[in-house]
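The structure appears below as structure tokens.
The chains referred to below are lettered A, B, ... by the order of the sequence lines, with proteins before strands, and numbering in each begins at 1.
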Protein chains: 2
Amino acid sequence: MSNSRFPVSLHILTLLNEAKGAVVSSEYLAGSININPVLVRKEIMNLRKHGFVESKEGKGGGSFLAKSASDINLGEVYKSVRGSNVLGQSKNEPNPKCPVGRQINQHLDSLYSDAENALIANLSKQTLADFASKFE
Amino acid sequence: MSNSRFPVSLHILTLLNEAKGAVVSSEYLAGSININPVLVRKEIMNLRKHGFVESKEGKGGGSFLAKSASDINLGEVYKSVRGSNVLGQSKNEPNPKCPVGRQINQHLDSLYSDAENALIANLSKQTLADFASKFE
DNA sequence: TGTACTGTAATAAAAATAATTACAGAATGA
DNA sequence: TCATTCTGTAATTATTTTTATTACAGTACA
């Protein structure tokens, strides 16, 4: 997973929340985040797929929150963007001839998912509304 | 931070634990992990700096655990290898002209360190001994 | 029907990771 | 003593991942 997807998504959501329902273009979002608009649109595609935002095509189009900020949980947002695990990829290829190498991936996986669940549980204590309130 | 530093370090520590005090060469470790020996030596450098392992130079040299596996806490290991934060780098450069962009990094930082602490707390529930016992 | 958007693919550039090569220095033991 | 086998470390190259850019079809609006 790209290491900046979560921050970018949260930034987008925060801006959309500021907009209070108004439609915001990817160009504008990209300007605030200071990244490429295409990347913003890709991230929005994902946020839309997960029901956090909606988009409107055509002139005057753009995106807006699909639900109330207090119904958008940061743990859910995290889950929507994380591809692989946080602690390291399990796509390493340890030597199968080594007794440790042979089975380490499965143990790492369970260690990771456990730890990641703790992280998600922590993020889940906050909603977008909580986060956005810090910008007042 | 390299995303594979934690798994590599844990792999090294697990192998050293298996060796029960015997000195293990970086060549051997690299063979089991299936990565370059120089990378192993770099990781060992870090583990040594944090007091987890010791090394012996010269012929017949190598590394071994500096303390009992039950005194090596996985949360500590994680902390020793993590460079930046797990959830994303804060070295993005949001647009300072945007009210959200201007202050988002500080809010992300506190969100991250909070969440990461939860992750570390989870990892800290296990020692190397606990982890290694799974390979029996 | 022109304009301003999104959606999406394809490509290129940049950055981050990992591998490789190289070699000095340390410990061992014949 | 000196060849051997390690570590420590720097420098370079290769690979992979991430991000930016370019391009253009499709949609909605005025």
Going 5' to 3' through nucleotides 20-30 of chain D, assign each nucleotide B (protein heavy atom under 4.0 Å from a base atom), S (under 4.0 Å only from sugar-phosphate atoms) or - (no protein heavy atom that close).
-> SBB----BBB-
Atom-to-atom span, CZ of A:Phe64 to P of C:dT6 - whole angstrom | 12 Å
Could you verify whether a donor N or O on one side chain and an acceptor N or O on the other, from B:Asn17 and B:Thr14, lie under 3.5 Å apart?
-> no
Could you state the CG-C1' distance from B:Leu47 to D:dG8, rounded to the nearest angstrom?
-> 15 Å
At under 4.0 Å, does any side-chain N or O of A:Ser55 touch on OP1 or OP2 of C:dT6?
-> no
Nucleotide D:dC6, atom P - distance to CZ of B:Arg48 in whole Å | 17 Å
Would you indicate, yes or no, if D:dC6 has its OP1 or OP2 atom less than 4.0 angstrom from a side-chain nitrogen or oxygen of B:Ser25?
-> no
Respond yes when some side-chain nitrogen or oxygen of A:Ser4 is under 4.0 Å from OP1 or OP2 of D:dT19, and no when none is.
-> yes
Under 4.0 Å between any heavy atoms, over every strand shown, what does A:Ser63 touch: base, sugar-phosphate, or nothing? Just pick one.
-> nothing
Take the protein atom CD of A:Glu54 and the nucleotide atom C1' of C:dT6, then report the distance between them rounded to whole Å.
-> 15 Å
Just by distance, do the side chain of B:Arg48 and the backbone of B:Glu54 share a donor-acceptor pair under 3.5 Å?
-> no
Interatomic distance where CD belongs to A:Glu43 and C1' belongs to C:dT8 [whole Å] = 15 Å
Distance in angstrom units between B:Tyr28 OH and D:dT7 C1', rounded | 19 Å
In terms of ring plane angle, is the pair B:Tyr78 and B:Phe6 parallel, tilted or perpendicular, where the classes change at 30° and 60°?
-> perpendicular
Between atom CG in B:Asn46 and atom C1' in D:dG8, what is the gap in whole Å?
-> 15 Å
In the single-linkage hydrophobic clustering (I, L, V, M, F, W, Y; side-chain heavy atoms under 4.5 Å), do A:Phe52 and A:Val23 co-cluster?
-> no
Are any side-chain N or O atoms of B:Ser32 and backbone N or O atoms of B:Leu29, one a donor and one an acceptor, separated by less than 3.5 Å?
-> no
Is it the case that one hydrophobic cluster holds both A:Tyr28 and A:Val40, taking links as side-chain heavy atoms less than 4.5 Å apart, direct or via other members?
-> yes
Is there a donor-acceptor pair closer than 3.5 Å between any side-chain N or O of A:Asn95 and the backbone N or O of A:Gly101?
-> no
